[in-house]
Amino acid sequence: MSTLVIVESPTKARTIRNYLPRDFRVEASMGHVRDLPQSATDIPANVKGEKWAQLGVNVESDFEPLYVIPKDKKKIVTQLKEALKSADELVLATDEDREGESISWHLLQLLQPKVPVKRMVFHEITQDAIRKALKDCRTVDEQLVRAQETRRILDRLVGYTLSPLLWKKIAKGLSAGRVQSVAVRLLVNRERQRRAFRQGSYWDLKATLEAKGEFEAKLTALAGTKVANGSDFDPDTGQIAAGRNVVLLNETQARELLERLTGKPWTVTDLEERPTTRKPAPPFTTSTLQQESNRKLRLSARDTMRVAQNLYEQGYITYMRTDSVHLSEQAIAAARSCVEQMYGKNYLSPQPRQYSTKSKGAQEAHEAIRPAGSSFRTPKETGLSGREFDLYDLIWKRTVATQMADSRQTQVIVQLQVEDAGFRSSGKRIDFPGFLRAYVEGYDDPEAALEDREVILPPLKKGDRPDCKNLEAIGHETQPPARYTEASLVKTLESEGIGRPSTYASIIGTIVDRGYAQIVSNALVPTFTAFAVTALLEQHFPDLVDPSFTSKMEQTLDDIATGEAAWLPYLRKFYSGDAGLETLVKARESQIEANVARTVAFDDLEAKVRIGSYGPYIEAQNGSDTVTASIPKDWTPADLDAELVEKLLKQKTEGPDKVGIHPETGEPIYVKIGPHGPYVQLGEKTEDKPKPKQASLPKGVTPDNLTLETAVGLLSLPRLLGTHPATGGKIQASIGPYGPYVVHDQGKEGKDYRSLKSTDNVLTVTLERALEILAEPKKGRRTSSKSKPALRELGAHPGDGEPVNIFEGPYGLYVKHGKTNVGLPEGQKVEDMTLDKALELLASKESSAKKSTTRKSTKASANGNGKAATTAKKKTASSSTRKTTTASKSKTKSS
DNA sequence: CAGTGAGCGAGCTTCCGCTTGACTT
């Protein structure tokens, strides 16, 4: 008989197994094992008829939750039940936070153990910590569990009562929730500011001066009055903000001033040196890791987490979902020894640095994210490569930097005077780089990154008379507030305490999937739907989309956990009764007119935008007629101005613009804007010609700058360039779904495609140039085996003599034989691989590949609801055969 | 690929937080 220990994750199970006695069996629950039913198919038959069944919470009977085991957890639960049979003690070792406590409680409910049960908690995985934790076990904290359950129920009530309202009033398939709706609202508010933004412009002077060295200075004051710069403008008017005592220079004034100052003597009137110090940023949490990785490595939150998970599973870093900046003693010691070895004692912070968490509602069940172990491997020592290397490198540097000395800098500010004009020059000297040697935190605003650059001024003193080498007038324009990026959205949500480390990445996924935002070169741009939904929620449920809603809820949950508040009255007040959500939603349902809710009004547009079942469209009055026109699919409110609206409508009222007459066919060519953007069409659509020739406008060509020549060219694609001198195969140029390309027809060898560079023009590209492009090796993902050499060649496959090699792909290391690829098992080192081991892996894959073809057909998606761009959730039942065999193999090998 | 903006009506969509596993090279 033995003790069964249950933790959340298999990786945690593997590590703590080493610190427990031999007769302890450690299993993983894989997160939560029970939950409210997610969709109608999960609702058990016996409650399906009930009014509250769709909610999964019996709101008529003290909010009793209906718990089910989600499909993908059924197997785990049976396995855990089985494991418990041979145990004479059960130890629940899930995380010591609200969710972790709840998992333990659900396990108890499900497993109904007849043997003694203990609740064990630890914050560090070391021999000592685990042994101590095992001695100090407690029971499950029912109040903490209640707090979790309250959170769960509240989120369900919000989400599952507001979403149906949106289906009725705006469009089907939409969603609302405590977290996502606030996130969407942040995006919408920022976009509203951008639309309201009025650009202001101002001029100033820049001087290049010389005094024992060159330096630059900027005009700051004129006759004792400050010269206006960007911060003096009111973003809503584009004018100088009220109450500012500044002089605003326009171009003429700036040039006149330049004339007047030219040739006049300059004097240094003041010189100030200000020493400053900077401290290193705290170690990574999930949120800060995602932010930095997005800024520095350009990884999405999701990719960051995927790579971090790999690093964690291979034992390179500590747990990647955390809100704590706490470092264990051993981590601090390891970081300090790294600093000493790599940078020397001078660079060590005099005292070990420990950080404390500031963000709201942090639960701190884990350590900060840092290199694993009691001594850190340097990035080079790890043998990692690609994204894994980059991310580890980032984590290593940030962690090591926390134990480094402050950086000491001197800010130098020089005031200069010429006639009545005051100039300023600022420099920065890094006296001692300290932690900057290892790590500089990134910025969302690339301008701000300059802050850390050293700007050396020549040694100047008061009374110096520098020569003016050059003086120029420079015009500036104020910029609208920047859109949110993934990084800045996560940062904002975290600082408001909204969302959890495990969900930051999926929040962004949700709002993109629901069609609330599009990612355009790293920026999150809200859609028309986002505007409509946000307006409805703000107007009718202002409390729920207020960022402070979550922090108030958290406060109550904390009180429930400590016993100072009771859960039932809280939920009752929130949902039932006169002021409750249920009543409110019902009342609003009859008040809100769908036609109004579907409409987005913009101050600067006369036409209205409506959300239709096929996407957003414009509606305007033309005399007594109502005209509607679709807005192209990837357009957002950011793209829509009065001019474009006009264009879209004109196409409907007066027919499309004619570009000209086709010189050969004599038919007219039209430029139209369709659901996929602007395109040209040859002739009209008629009964006997239902499909006139059409072609999309490529990037850079707009309806405005489109010439007849270009239009004719586009309509004549694909264009034959000639034949290949070596093969005699045809070479053509055209535009495909991925943009302009050239293709070489190699007969039975297939076609060789290459994308054109942005500097090439499909309509004019020559045969010579095409041959040049075709001669370049193919880029892109399919050819990594050609561009990247094998990490190791293991030899020929006995079956067919084809080589068996190890490669590295974006998903880690894998063995390749012909077209078969198999990932290496966890922890398998490249050096230890043999041909035999590789053949074993390939064999297991090749045999299971045959079976797997029969399973696929069951997954046909029932997603026929038109445009809602949801990515179908992939939840196929796992084909256990291959996985379990390889898993058990690697287990026996490692033990 | 280049429209539509309304209907017979069944059954369904949807939340937040814990986890990993399927694919792919």
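Chain letters run A, B, ... following the sequence lines, proteins first, then strands; residues in each count from 1. Side chains included, hydrogens not; waters and symmetry mates left out as well; all remaining heavy atoms used.
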So what does [X] touch, heavy atoms closer than 4.0 Å: a base, only the sugar-phosphate, or nothing?
| X | result |
| --- | --- |
| A/S39 | base |
| A/Q694 | base |
| A/V179 | sugar-phosphate |
| A/A176 | sugar-phosphate |
| A/E619 | nothing |
| A/R178 | sugar-phosphate |
| A/G159 | base |
| A/S696 | base |
| A/G499 | sugar-phosphate |
| A/L36 | nothing |
| A/R152 | base |
| A/Y319 | sugar-phosphate |

Is any side-chain N or O of [X] closer than 4.0 Å to OP1 or OP2 of [N]?
| X | N | value |
| --- | --- | --- |
| A/K652 | B/dT4 | yes |
| A/Q180 | B/dC16 | yes |
| A/R321 | B/dT20 | yes |
| A/R306 | B/dT20 | no |
| A/T503 | B/dG17 | yes |
| A/S613 | B/dT4 | no |
| A/S175 | B/dC15 | yes |
| A/Q309 | B/dT20 | yes |
| A/S163 | B/dT13 | no |

Exercise. Is the charged tip of A/R514 near the ring of A/Y516: under 6.0 Å from the six-membered ring centre and within 45° of its axis?
Worked result: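 No cation-pi geometry.
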
Exercise. What's the spacing between A/I69 CD1 and A/I76 CD1 if we round to 0.5 Å?
Worked result: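 Here the rounded value is 11.5 Å.
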
Exercise. How far does CE of A/M30 sit from CD1 of A/I103, to the nearest 0.5 angstrom?
Worked result: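 Here the rounded value is 12.0 Å.
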
Polar side-chain contact [X]-[N] base: donor and acceptor under 3.5 Å:
| X | N | answer |
| --- | --- | --- |
| A/R156 | B/dC16 | no |
| A/Y614 | B/dA6 | yes |
| A/S630 | B/dG5 | yes |

In this structure, are over 12 heavy atoms from other groups packed under 6.0 Å from [X] atom [atom1]?
| X | atom1 | answer |
| --- | --- | --- |
| A/K12 | NZ | yes |
| A/K71 | NZ | no |
| A/K647 | NZ | yes |

Exercise. Hey, is the main chain of A/N310 close enough, under 3.5 Å, to the side chain of A/Q314 for a donor-acceptor pair?
Worked result: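 Between the backbone of A/N310 and the side chain of A/Q314 there is a qualifying donor-acceptor contact (under 3.5 Å).
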
When you get a sec, tell me which of [options] is the closest nucleotide to the side chain of [X]?
| X | options | answer |
| --- | --- | --- |
| A/P164 | B/dT14, B/dC18, B/dC16 | B/dT14 |
| A/T628 | B/dG5, B/dC18, B/dT4 | B/dG5 |
| A/R500 | B/dT20, B/dT4, B/dC18 | B/dC18 |
| A/T510 | B/dT14, B/dT19, B/dC15 | B/dC15 |

For the pair made of [atom1] in [X] and [atom2] in [N], what is the distance, rounded to whole Å?
| X | N | atom1 | atom2 | result |
| --- | --- | --- | --- | --- |
| A/L648 | B/dG3 | CG | P | 13 Å |
| A/I611 | B/dA6 | CD1 | C1' | 17 Å |
| A/Y67 | B/dC18 | OH | P | 14 Å |
| A/E8 | B/dC18 | CD | P | 10 Å |
| A/E494 | B/dG17 | CD | P | 13 Å |
| A/Q79 | B/dT20 | CD | P | 15 Å |
| A/H106 | B/dT19 | NE2 | C1' | 14 Å |
| A/E101 | B/dT19 | CD | P | 15 Å |

Problem set entry | Centroid distance under 5.5 Å and plane angle under 30°, A/W167 vs B/dT13 |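 Yes, A/W167 stacks on the base of B/dT13, since the ring centres sit under 5.5 Å apart and the planes are within 30°.
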
For this session: Map A/I673 and A/G177 onto DNA chain B by nearest heavy atom, then report which one ends up closer to the 5' terminus.
Result: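 Upstream on the strand: A/I673.
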
